[in-house]
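Heads up, the thing below is written out as structure tokens.
Each chain gets a letter, A, B and so on, in the order its sequence line appears, and its residues count up from 1. If you're wondering where the values come from, they're calculated on a predicted model, not measured in any experiment. Values reported hereafter were calculated over all heavy atoms of this structure, with side chains retained and with hydrogens, waters and symmetry mates removed.
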Amino acid sequence: MTTGTVPETKTTAADPDMGSRRTPPPPRKKTLTATERYVPSVISIAMVLIVFGLVAQVVTSAEQWPRIARQFFDLGAMATAFPNVLRGFWINVQVWAVCLFSIMVWGLVLALMRSLTGPWFAPLRVFVVLYVDLFRGLPVLLLVLIFGFGIPALNLPGLPNSALFWGATAMVLSYSAYTSEIYRSGIEAVHDGQRAAAKALGLSQWQAMLYAILPQAIRNVIPVHLNLAVALQKDVALLSVIGVRDAVREAQIYTGMTFNYSSLIAAALLFLVATIPMARLTDYIAKKDRQRRLMGAL
Amino acid sequence: MTTPRISIEGLTKYYGEVLVLDDVNLAVAPHEVVCLIGASGSGKSTLLRCINLLSEFDYGTISLDGVSVEDPIWGRNGLYRRVGIVFQAYNLFPHLSVIQNITLAPLKVHKTAKQEALATARELLAAFGMAEFENAYPEQLSGGQQQRVAIVRALATRPEVLLLDEVTAALDPELVGEVLAIIRRLKTEGMTMIIVTHEMGFARDVADRVCFLADGRIMEEARPEALFSAPQHPRTQKFLQRIIEAGRL
Ligand SMILES: Nc1ncnc2c1ncn2[C@@H]1O[C@H](COP(=O)(O)OP(=O)(O)OP(=O)(O)O)[C@@H](O)[C@H]1O
Ligand SMILES: [Mg+2]
């Protein structure tokens with residue numbers, strides 16, 4: 001334990017009811033000696049290096065390592081494949097953005113339909129319940145295959161015929177089942193007193209939802225939705241199975257031509273570059289949100 | 001006799017099998033202040049919430065100026081413009097600033113012009129010493145300040161009746177006074193009020209009439225001097241006895 005240097009106490013003459021009692025000064029940040037400051041960091045860094053070094057040692061000393069290194073981590077191959085993979089990744093990003101927007105909107109519409117009370121709206125509520133059961137119960141991959149291969153084959157007049165469009169639609173349908181449930185939990189988490197207050201002010205059911213409940217509900221569920229956005233970013237790669245030339249597809253094409261897998265690693269790196277900052281942002285916002293709730297609870 | 005502002009006749013309500021309001025009859029004259037007292041669970045809040053239809057009831061009628069509150073003639077904006085309510089837990093909208101909380105109903109429900117709604121809100125805020133907080137958010141205010149905003153919000157449509165449900169119960173003792181002072185002032189301004197309270201001293205002071213509720217019935221109603229000094233009903237006597245023992249009268 002350190003005994004931090006106690007700063008000089010200055011008595012504030014302005015303090016009226018000081019009497020003879022000396023107010024202790026605000027605690028100053030402890031000044032740490034060089035050893036105390038650096039030793040923990042040094043130990044941390046050393047431990048990380050040792051552990052990861054050992055793992056690397058074990059991996060690279062494997063008999064097959066040189067071959068693996070050539071097949072997966074060939075910088076030259078990565079560089080050659082990179083332009084195409086990057087172009088594919090741009091498609092991922094675009095599909096992600098469009099899908100995310102559609103999912104948030106459609107999920108909200110579903111949640112609102114579900115929250116309508118009164119016998120007139122029973123068909124809508126039943127529709128949403130069935131919808132959620134159906135799309136939450138099916139693997140996204142299966143939906144992408146069915147929509148991406150099935151619907152274009154039907155050659156429906158007046159509707160787009162691209163696998164990309166229908167694959168993305170499948171993603172939206174599936175994910176919005178989750179988001180609608182998340183919105184609904186957010187809506188239900190808003191305290192009943194808020195509803196009573198809105199009603200007592202004369203707001204209609206719809207106005208109460210719009211002006212009083214929904215803004216709070218959406219704020220409640222932002223952290224959860226951000227997590228979903230990260231998951232969606234990765235799941236967009238599922239569209240590669242129906243021939244959409246996204247990053248994964250482009251990487252596979254290169255692999256198919258050269259029997260070198262480094263392009264897959266290049267695609268992996270691109271995904272990480274996109275998802276890690278998003279995950280950090282999510283953590284940050286979730287932390288802010290927790291602090292806000294704690295403040296509110298006081 | 002003039003029409004009572006609020007008239008409750010034979011009000012009966014069940015929660016499932018549980019009888020929570022049992023044939024309640026009460027008439028409140030214009031400008032009258034009625035305090036409801038009674039043990040926890042006696043049905044005070046429920047009675048209050050029935051008046052502006054926050055709770056449904058099974059039998060009986062409640063009238064405002066002689067017209068049933070359930071009469072479609074009122075419409076939402078009619079009834080809720082004339083009857084305001086303030087809750088124990090303030091129930092301000094946390095995502096709206098003070099001024100937005102206050103002007104929400106005038107703007108969205110009553111379609112008041114924005115300038116007029118803002119002017120009214122500012123005037124009321126100033127009157128209750130909250131002028132400097134118009135852009136604050138509820139979480140930045142003390143409990144007493146939040147409750148004052150909630151009262152202003154209820155007053156923003158210039159209601160004739162104010163329902164107050166234990167509006168000081170969530171407040172620290174030193175903040176109770178500032179809210180009670182406001183209610184006293186509303187009384188001098190002629191507001192008709194039905195007040196649920198555990199502050200017996202306040203009830204004695206501000207009420208024209210005090211009603212003691214037990215088991216969903218009005219067991220006794222009288223002028224405060226009479227009810228507090230010479231309660232007639234044994235239940236009232238027992239209730240007040242306990243209050244005195246708890247040192248709250
Ligand atoms: N939503 C509800 N569902 C079922 N029972 C309820 C509900 N709300 C209230 N009650 C019951 O109705 C009765 C009256 O409740 P009410 O809240 O009106 O009492 P109160 O006199 O306001 O009590 P307090 O002083 O604790 O606020 C109680 O027995 C309570 O348990
Ligand atoms: Mg109550």
Side-chain angles (χ1 to χ4, degrees), chain A residues 17 104 108 111-112 115-121 182-225 285-298, chain B residues 45-46 48-56 74-96 100-112 137-143 146 149-150 152-157 159 161-165 170:
Chain A
D17 48 26
M104 291 304 150
L108 182 58
L112 289 176
S115 73
L116 291 171
T117 55
W120 296 104
F121 302 114
I182 294 168
Y183 278 123
R184 190 161 74 94
S185 71
I187 289 170
E188 280 172 6
V190 175
H191 197 273
D192 259 346
Q194 296 286 314
R195 269 171 256 271
K199 186 170 180 204
L201 288 172
L203 273 69
S204 67
Q205 193 190 354
W206 173 243
Q207 286 176 321
M209 183 56 90
L210 193 62
Y211 300 121
I213 309 298
L214 208 51
Q216 299 182 56
I218 289 177
R219 194 153 89 170
N220 286 344
V221 298
I222 284 176
V224 190
H225 275 158
I285 290 178
K287 194 173 128 198
K288 282 267 140 168
D289 184 63
R290 245 189 333 270
Q291 282 168 350
R292 177 176 67 79
R293 281 165 203 247
L294 282 179
M295 292 269 293
L298 284 181
Chain B
S45 299
T46 309
L48 221 52
R49 294 167 64 94
C50 284
I51 296 174
N52 65 354
L53 301 180
L54 291 183
S55 291
E56 295 166 346
W74 287 116
R76 268 184 304 109
N77 31 24
L79 178 65
Y80 292 114
R81 197 200 62 67
R82 287 176 178 77
V83 182
I85 188 166
V86 183
F87 304 93
Q88 174 178 345
Y90 333 132
N91 296 355
L92 294 175
F93 302 124
H95 59 291
L96 298 180
Q100 288 170 329
N101 262 282
I102 297 168
T103 54
L104 181 64
L107 291 177
K108 303 298 178 191
V109 182
H110 307 291
K111 311 291 180 207
T112 314
Y137 282 83
E139 63 183 9
Q140 298 167 324
L141 302 177
S142 76
Q146 289 189 53
V149 173
V152 169
R153 183 174 71 174
L155 293 175
T157 55
V161 180
L162 202 55
L163 310 172
L164 301 158
D165 191 359

Between B/Pro94, B/Pro106, B/Gly75, who has the most heavy-atom pairs with chain A when the cutoff is under 4.5 Å?
B/Pro94
Answer with side chain, backbone, both or neither: which region of [X] has an atom nearer than 4.5 Å to a non-hydrogen atom of chain A?
X: B/Leu92; answer: backbone
X: B/Leu104; answer: side chain
X: B/Phe87; answer: side chain

Top residue by heavy-atom pair count (under 4.5 Å) with chain B, among A/Gly193, A/Pro215, A/Ala200, A/Ala196?
A/Ala200
Show the nearest heavy-atom pair for residues B/Val109 and A/Leu201, with the distance to one decimal.
CG2-O, 3.9 Å
For B/Leu155, side-chain contact (heavy atoms from CB on, under 4.5 Å) partners two or more places apart
B/Leu124, B/Phe128, B/Ile151, B/Pro159, B/Leu162, B/Leu186, B/Met191
Among residues at least two apart in sequence or on other chains, which ones pass side-chain contact (heavy atoms from CB on, under 4.5 Å) with B/Val161?
B/Arg5, B/Ile6, B/Leu64, B/Val83, B/Leu163, B/Thr192
Which atom pairs, one donor and one acceptor, sit under 3.5 Å between chain A and chain B?
{"unit_1": "A/Gly193", "atom_1": "O", "unit_2": "B/Asn91", "atom_2": "ND2", "d": "3.1"}
{"unit_1": "A/Gln194", "atom_1": "NE2", "unit_2": "B/Leu92", "atom_2": "O", "d": "2.9"}
{"unit_1": "A/Lys199", "atom_1": "NZ", "unit_2": "B/Leu53", "atom_2": "O", "d": "2.7"}
{"unit_1": "A/Gly202", "atom_1": "O", "unit_2": "B/Arg76", "atom_2": "NH1", "d": "2.2"}
{"unit_1": "A/Gln207", "atom_1": "NE2", "unit_2": "B/Lys108", "atom_2": "O", "d": "3.0"}
{"unit_1": "A/Tyr211", "atom_1": "O", "unit_2": "B/His95", "atom_2": "NE2", "d": "2.7"}

